[in-house]
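The structure appears right after this line, and notes come after that.
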Amino acid sequence: LLKGEKLEYMWNGDTLTFSVMNTECLQNIPQNKYTKWFDYGKIKSNIHIRTRKKGDYLTINSSNQKKMLKAYFITQKVPREERDSIWLMADGSHVMWILGERISSFYKVSEATENIIEIEYIRRT
């Protein structure tokens with residue numbers, strides 16, 4: 001994906017829109033539940049949209065402490081019967097975003113970020 005291009009990915013009636021931009025495009029990162037901004041340079045492999053797998057984790061703070069996704073769901077009191085149906089955006093086993101919820105601290109935009117990937121999640125109504 002090149003700067004300025006947009007890519008749409010549709011699955012299960014939902015849509016994700018991806019676009020890459022320079023950091024100059026954003027003054028402040030707005031807080032938005034369904035649009036997130038990630039440090040494009042930190043993505044190591046292909047982004048996958050999927051449900052959880054054994055070994056999934058996310059980074060929970062700026063010190064890069066990791067928490068297994070199962071433990072995170074337990075802490076957040078996500079009912080056991082819902083955990084296998086929650087959509088994730090993952091870079092290998094590293095969960096970048098629990099769609100519509102939290103992103104991994106590792107991928108957050110910082111002063112060192114050169115390129116941002118904006119991802120918008122559009123849920124079917």
Side-chain angles (χ1 to χ4, degrees):
L1 193 59
L2 300 173
K3 290 179 195 166
E5 289 183 332
K6 283 197 174 198
L7 172 71
E8 282 193 357
Y9 175 75
M10 299 176 84
W11 90 103
N12 208 29
D14 295 345
T15 305
L16 284 172
T17 303
F18 299 82
S19 55
V20 177
M21 62 188 84
N22 291 340
T23 54
E24 297 144 9
C25 294
L26 292 176
Q27 299 301 327
N28 294 318
I29 303 295
Q31 298 298 313
N32 185 315
K33 187 173 183 175
Y34 294 106
T35 303
K36 298 295 181 190
W37 294 265
F38 300 88
D39 186 328
Y40 190 55
K42 290 186 176 180
I43 299 170
K44 307 241 184 298
S45 63
N46 293 326
I47 296 172
H48 293 270
I49 309 303
R50 58 175 176 76
T51 55
R52 71 179 179 157
K53 290 183 180 178
K54 186 175 180 172
D56 282 346
Y57 67 93
L58 66 150
T59 307
I60 57 170
N61 58 32
S62 59
S63 299
N64 288 328
Q65 288 181 309
K66 296 175 184 175
K67 188 166 202 168
M68 298 306 291
L69 186 62
K70 179 180 180 179
Y72 176 79
F73 282 159
I74 291 168
T75 302
Q76 295 300 308
K77 297 183 169 78
V78 175
R80 181 176 297 174
E81 59 276 4
E82 293 177 19
R83 296 176 195 165
D84 286 333
S85 63
I86 295 173
W87 288 105
L88 310 170
M89 186 173 72
D91 178 14
S93 293
H94 196 162
V95 175
M96 296 174 63
W97 185 15
I98 301 169
L99 294 178
E101 299 296 329
R102 180 188 179 128
I103 71 169
S104 176
S105 296
F106 178 77
Y107 297 97
K108 285 186 177 179
V109 173
S110 70
E111 292 178 11
T113 301
E114 293 181 20
N115 293 302
I116 296 170
I117 185 164
E118 177 187 80
I119 304 173
E120 181 181 14
Y121 175 44
I122 302 167
R123 295 183 67 166
R124 68 185 152 161
T125 53

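Along the sequence shown, residues are numbered consecutively beginning with 1.
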(request) Go through the steps for Thr51 and Asp84 under the test side-chain hydrogen bond (donor to acceptor under 3.5 Å, both in side chains), then give the verdict. (result) CA-CA 6 Å; Thr51 55; Asp84 286 333; over 6 Å; no
(request) Show your working on side chain to side chain contact (heavy atoms under 4.5 Å, CB included) between Leu69 and Leu58 and close with a plain yes or no. (result) CA-CA 7 Å; Leu69 186 62; Leu58 66 150; 3.9 Å; yes
(message) Between Asp91 and Ser45, do the side chains contain a donor N or O and an acceptor N or O under 3.5 Å apart?
(response) yes
(request) Test side chain to side chain contact (heavy atoms under 4.5 Å, CB included) on Gln76 and Ile74 and set out the steps. (result) CA-CA 5 Å; Gln76 295 300 308; Ile74 291 168; over 6 Å; no
(message) Could you check whether any side-chain N or O of Lys53 sits under 3.5 Å from a backbone N or O of Ser93, counting only pairs where one atom can act as donor and the other as acceptor?
(response) no
(request) Please round to the nearest 0.5 Å and tell me the distance separating atom CD1 of Ile122 and atom CD of Glu120. (result) 4.0 Å
(request) State yes or no: do Tyr9 and Tyr34 share one hydrophobic cluster built from I, L, V, M, F, W and Y residues joined by side-chain heavy-atom distances below 4.5 Å, directly or via other members? (result) yes
(request) Work out which heavy atom in Gly92 is nearest to a heavy atom in Arg50; give both atom names and the distance. (result) O-NH2, 2.9 Å
(request) Kindly say whether Val78 contributes a backbone atom to a donor-acceptor pair with the side chain of Arg83 at under 3.5 angstrom? (result) yes
(request) Consider only side-chain heavy atoms of I, L, V, M, F, W and Y, link residues closer than 4.5 Å, and tell whether Phe106 and Met68 are in one cluster. (result) no
(request) Keeping the roles fixed (side chain from Ser63, backbone from Gln65), state whether a donor-acceptor pair exists under 3.5 Å. (result) no
(request) Group every Ile, Leu, Val, Met, Phe, Trp and Tyr by side-chain heavy-atom contacts under 4.5 Å, then state whether Ile103 and Ile47 land in the same group. (result) yes
(message) Quick test of your reading: applying ring-ring contact (aromatic ring centres under 6.0 Å, His included), list the pairs with at least one residue in residues 48-82, sequence neighbours left out, ordered by first then second residue.
(response) Tyr57-His94
(request) Grab the two heavy atoms, one from Met96 and one from Phe38, that are nearest each other, plus how far apart they are. (result) O-CE2, 3.6 Å
(request) Supply the atom-to-atom distance Tyr107 OH to Thr113 OG1, rounded to the nearest 0.5 angstrom. (result) 13.0 Å
(request) Check whether any side-chain N or O of Asn115 sits under 3.5 Å from a backbone N or O of Tyr40 as a donor-acceptor pair, and report yes or no. (result) no
(message) Nearest 0.5 angstrom please: Ile98 CD1 to Ser104 OG, how far?
(response) 9.5 Å
(request) Answer yes or no on whether Lys36 is positioned over the face of Tyr121, meaning its NZ or CZ is under 6.0 Å from the six-membered ring centre and within 45° of the axis. (result) no
(request) Establish whether Leu99 and Ile43 are linked, either directly or via other cluster members, by ILVMFWY side-chain heavy-atom contacts under 4.5 Å. (result) yes
(message) Atom NZ of residue position Lys67 - does it have more than 12 heavy atoms of other residues, nucleotides or ligands inside 6.0 Å?
(response) yes
(message) Glu118 vs Thr35, test: side chain to side chain contact (heavy atoms under 4.5 Å, CB included). Steps then yes/no.
(response) CA-CA 7 Å; Glu118 177 187 80; Thr35 303; 3.8 Å; yes
(message) Could you check whether any side-chain N or O of Arg102 sits under 3.5 Å from a backbone N or O of Ile60, counting only pairs where one atom can act as donor and the other as acceptor?
(response) yes
(request) Check whether any side-chain heavy atom of Ile49 sits under 4.5 Å from a side-chain heavy atom of Trp87, and report yes or no. (result) yes
(message) With side chain to side chain contact (heavy atoms under 4.5 Å, CB included) as the criterion, how do Trp97 and Leu88 come out once you've worked through the C-alpha distance, each side chain's angles and the decisive distance to 0.1 Å?
(response) CA-CA 6 Å; Trp97 185 15; Leu88 310 170; over 6 Å; no
(request) Specify the closest pair of heavy atoms between Lys6 and Ser19, including all atoms of both residues, with the distance to one decimal. (result) CG-CB, 3.8 Å
(message) Strictly below 4.0 Å, N to O, side chains only: are Lys108 and Asp39 in salt-bridge contact?
(response) no
